[in-house]
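Note: hydrogens, waters and symmetry copies are ignored here, and every other heavy atom, side chains too, is used. We name chains A, B, ... by the order of the sequence lines, and we start the count at 1 in each one.
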There are 2 protein chains.
Amino acid sequence: MSDRCNFSRWLALEGLRATPVRLAVLEILGEAPRALRAQEILELIRARRRVNKVTVYRILEDFTRRGMVRKLSLEGRVNHFELACEHHPPHPHFQCQTCREVQCLEPVALNRIWTELQGPVGNRADHIDIKVEGVCHKCRDIS
Amino acid sequence: MSDRCNFSRWLALEGLRATPVRLAVLEILGEAPRALRAQEILELIRARRRVNKVTVYRILEDFTRRGMVRKLSLEGRVNHFELACEHHPPHPHFQCQTCREVQCLEPVALNRIWTELQGPVGNRADHIDIKVEGVCHKCRDIS
DNA sequence: TTATACTTGCAACTCAGTTGATTTTCGATT
DNA sequence: AATCGAAAATCAACTGAGTTGCAAGTATAA
Ligand SMILES: [Mn+2]
Ligand SMILES: [Mn+2]
Ligand SMILES: [Zn+2]
Ligand SMILES: [Zn+2]
């Protein structure tokens with residue numbers, strides 16, 4: 001996924017130095033087949049280099065503010081992160097109620113329900129998050 | 001909202017005693033015009049009686065497991081709760097990115113996109129959560 | 001009344017995430 | 001090459017929503 005992104009160039013465009021930790025965060029998110037928790041990202045970086053958790057949290061927060069990364073609040077207390085590059089448009093997510101694993105679903109057209117979701121007159125809707133909950137195929141096989 | 005619910009009877013149907021704290025949780029959620037955080041519920045109960053936070057958290061967890069209450073993961077670390085009685089069918093929510101306030105939106109028909117959201121073959125989708133983010137009318141007026 | 005299960009309270013804990021201060025690194029300037 | 005200032009990383013300590021285990025209280029059943 002998104003192997004086509006030039007992360008060094010992307011950071012330069014944002015006015016950020018292409019430090020090893022920043023590049024590691026982007027590469028790990030770019031290779032991930034699903035949204036990752038901060039702790040998973042931390043452990044994956046630590047497989048290649050020594051790093052403090054605060055650094056990773058601050059980078060993820062900064063990337064989120066800049067819109068380079070999407071922060072997903074799928075369940076309380078633990079956030080998931082995914083790349084928000086041009087190759088990863090927003091899309092719905094599936095979370096299994098048994099194993100808590102998260103899947104990325106294909107983008108859906110929301111044109112028809114978008115206007116219904118604007119809410120009371122005067123609100124400005126910027127984007128829609130869709131989360132589907134259920135039981136994944138792996139957990140269904142077990143039971 | 002849902003003044004028509006007989007909470008004592010509902011608890012009896014669930015095989016639960018109609019204790020003062022349980023009734024207070026249901027009454028507060030029934031009167032709330034929006035989803036509430038656990039801490040807000042706690043403070044509203046404390047306006048009428050002494051209560052320990054653990055009791056409220058345990059009641060909310062129990063109600064959620066039984067499907068009497070919906071737990072919303074709108075943003076990391078803080079859950080919101082709302083009544084899931086017959087008068088409150090599931091519906092989308094709006095959260096303002098400025099003041100973080102949550103609004104309940106009208107239910108929308110999802111028939112059309114439901115099948116698209118089933119995901120990879122084999123998953124069983126049970127329900128869909130829709131969260132709209134943006135800026136509420138109050139915060140728009142200010143800026 | 002006594003036994004039992006249910007409910008609440010208390011204190012201590014967990015853990016993802018945050019804060020502030022300090023040190024290190026890097027790129028520019030001399 | 002040495003110096004300097006800003007950006008980046010580190011460290012320890014903290015925050016706070018939610019949890020756990022156990023003791024104490026309360027209602028129901030026998
Ligand atoms: Mn995704
Ligand atoms: Mn609602
Ligand atoms: Zn699963
Ligand atoms: Zn607002």
Side-chain angles (χ1 to χ4, degrees), chain A residues 7-8 10-28 35-46 48-66 68-82 95 100 102, chain B residues 7-8 10-28 35-46 48-66 68-82 95 100 102:
Chain A
F7 295 131
S8 299
W10 197 10
L11 289 168
L13 287 171
E14 289 286 337
L16 296 172
R17 288 184 203 157
T19 68
V21 190
R22 283 201 185 108
L23 284 171
V25 168
L26 293 176
E27 284 160 12
I28 283 164
L36 300 177
R37 286 167 287 165
Q39 195 139 328
E40 294 178 300
I41 296 167
L42 183 64
E43 281 160 18
L44 287 166
I45 298 177
R46 283 183 170 156
R48 36 170 120 162
R49 58 171 10 257
R50 185 174 168 286
V51 70
N52 188 281
K53 69 169 179 174
V54 178
T55 306
V56 174
Y57 277 113
R58 286 212 253 245
I59 286 174
L60 286 170
E61 183 200 355
D62 185 44
F63 285 177
T64 302
R65 258 206 347 271
R66 295 167 181 274
M68 301 169 70
V69 153
R70 278 185 293 269
K71 186 203 283 192
L72 313 176
S73 295
L74 297 167
E75 56 180 334
R77 310 220 343 276
V78 191
N79 293 312
H80 287 71
F81 297 88
E82 65 181 7
Q95 186 167 33
R100 313 308 302 168
V102 175
Chain B
F7 295 132
S8 299
W10 196 10
L11 289 168
L13 286 171
E14 289 287 337
L16 295 172
R17 290 183 201 157
T19 68
V21 191
R22 283 202 184 109
L23 284 171
V25 169
L26 293 176
E27 283 160 12
I28 284 164
L36 301 176
R37 286 169 286 165
Q39 196 138 327
E40 294 177 300
I41 297 167
L42 183 64
E43 280 159 17
L44 287 167
I45 299 178
R46 282 183 171 157
R48 36 170 120 163
R49 58 172 10 258
R50 185 172 167 286
V51 70
N52 189 278
K53 68 169 180 174
V54 179
T55 305
V56 174
Y57 277 113
R58 285 208 262 244
I59 287 173
L60 286 170
E61 182 201 357
D62 185 44
F63 284 177
T64 303
R65 257 206 348 271
R66 294 169 182 274
M68 301 169 70
V69 153
R70 277 185 293 269
K71 186 203 285 190
L72 313 176
S73 294
L74 297 167
E75 57 181 332
R77 317 239 311 293
V78 192
N79 293 311
H80 288 71
F81 297 87
E82 66 182 5
Q95 185 167 33
R100 313 309 301 167
V102 174

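Remark: B:Asn52 is not in phosphate contact with C:dT8, judged by side-chain N or O atoms under 4.0 Å from OP1 or OP2. Under 4.0 angstrom from either OP1 or OP2 of D:dG16 there lies no side-chain N or O belonging to B:Gln39. Under 4.0 angstrom from either OP1 or OP2 of D:dG18 there lies at least one side-chain N or O belonging to B:Asn79. Contact annotation: A:Tyr57 reaches the phosphate of C:dG17 (side-chain N/O to OP1 or OP2, under 4.0 Å). At least one side-chain nitrogen or oxygen of A:Thr19 sits closer than 4.0 Å to the OP1 or OP2 atom of D:dA9.
One can place CD of A:Glu61 at 17 Å from P of C:dA16, the figure rounded to the nearest angstrom. The CG atom of B:Leu11 sits 15 Å away from the P atom of C:dC6 (whole-angstrom rounding). Regarding A:Glu40, its CD atom lies at a distance of 13 Å from the C1' atom of C:dA16, rounded to whole Å. Between the C1' atom of C:dC6 and the CG atom of B:Asp62 lies a distance of 12 Å, rounded to the nearest Å. A straight line from CZ of B:Arg49 to P of D:dT26 spans 11 Å, rounded to a whole angstrom. Regarding A:Leu23, its CG atom lies at a distance of 15 Å from the C1' atom of D:dA7, rounded to whole Å. One can place CG of A:Leu42 at 13 Å from C1' of D:dA9, the figure rounded to the nearest angstrom. Separating the CG atom of A:Leu16 from the C1' atom of D:dA6 is a distance of 14 Å, rounded to the nearest angstrom.
Here the side chain of A:Arg17 is nearest to one of D:dA9, D:dA6, C:dT18, namely D:dA6. For A:Val78, the side-chain atoms get nearest to C:dA16 when compared with the rest of C:dT7, C:dA16, C:dC26. Picking from C:dG17, D:dA27, C:dG9 the nucleotide with the shortest atom distance to the side chain of B:Arg58 gives C:dG9. Closest contact between the side chain of A:Arg50 and the listed nucleotides D:dA27, D:dT10, D:dA8 involves D:dT10.
Where B:Val51 and A:Arg77 each meet DNA chain C at their nearest nucleotide, the meeting point lying more 5' is that of B:Val51. Of the residues near DNA chain C, A:Val54 and B:Ile59, the one whose nearest nucleotide (by heavy atom distance) lies more toward the 5' end is B:Ile59. A residue-by-residue look at A:Arg22 and B:Lys53 shows that A:Arg22 has its nearest nucleotide of DNA chain D further toward the 5' end.
Atom-to-atom distance recorded for A:Leu16:CG and A:Asp62:CG is 5.5 Å, nearest 0.5 angstrom. To the nearest 0.5 Å, atom CZ of residue A:Arg50 and atom CD1 of residue A:Ile45 are 13.5 Å apart.
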Derivation and outcome, salt bridge (Lys or Arg N to Asp or Glu O under 4.0 Å), residues A:Arg48 and A:Glu27
CA-CA 12 Å; A:Arg48 36 170 120 162; A:Glu27 284 160 12; 2.9 Å; yes
B:Leu26 vs B:Leu11, test: side-chain contact (heavy atoms from CB on, under 4.5 Å). Steps then yes/no.
CA-CA 10 Å; B:Leu26 293 176; B:Leu11 289 168; 3.9 Å; yes
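Partner B:Met68 forms a side chain to side chain contact (heavy atoms under 4.5 Å, CB included) with one of B:Arg66, B:Arg70, B:Arg65 and no other, that one being B:Arg66.
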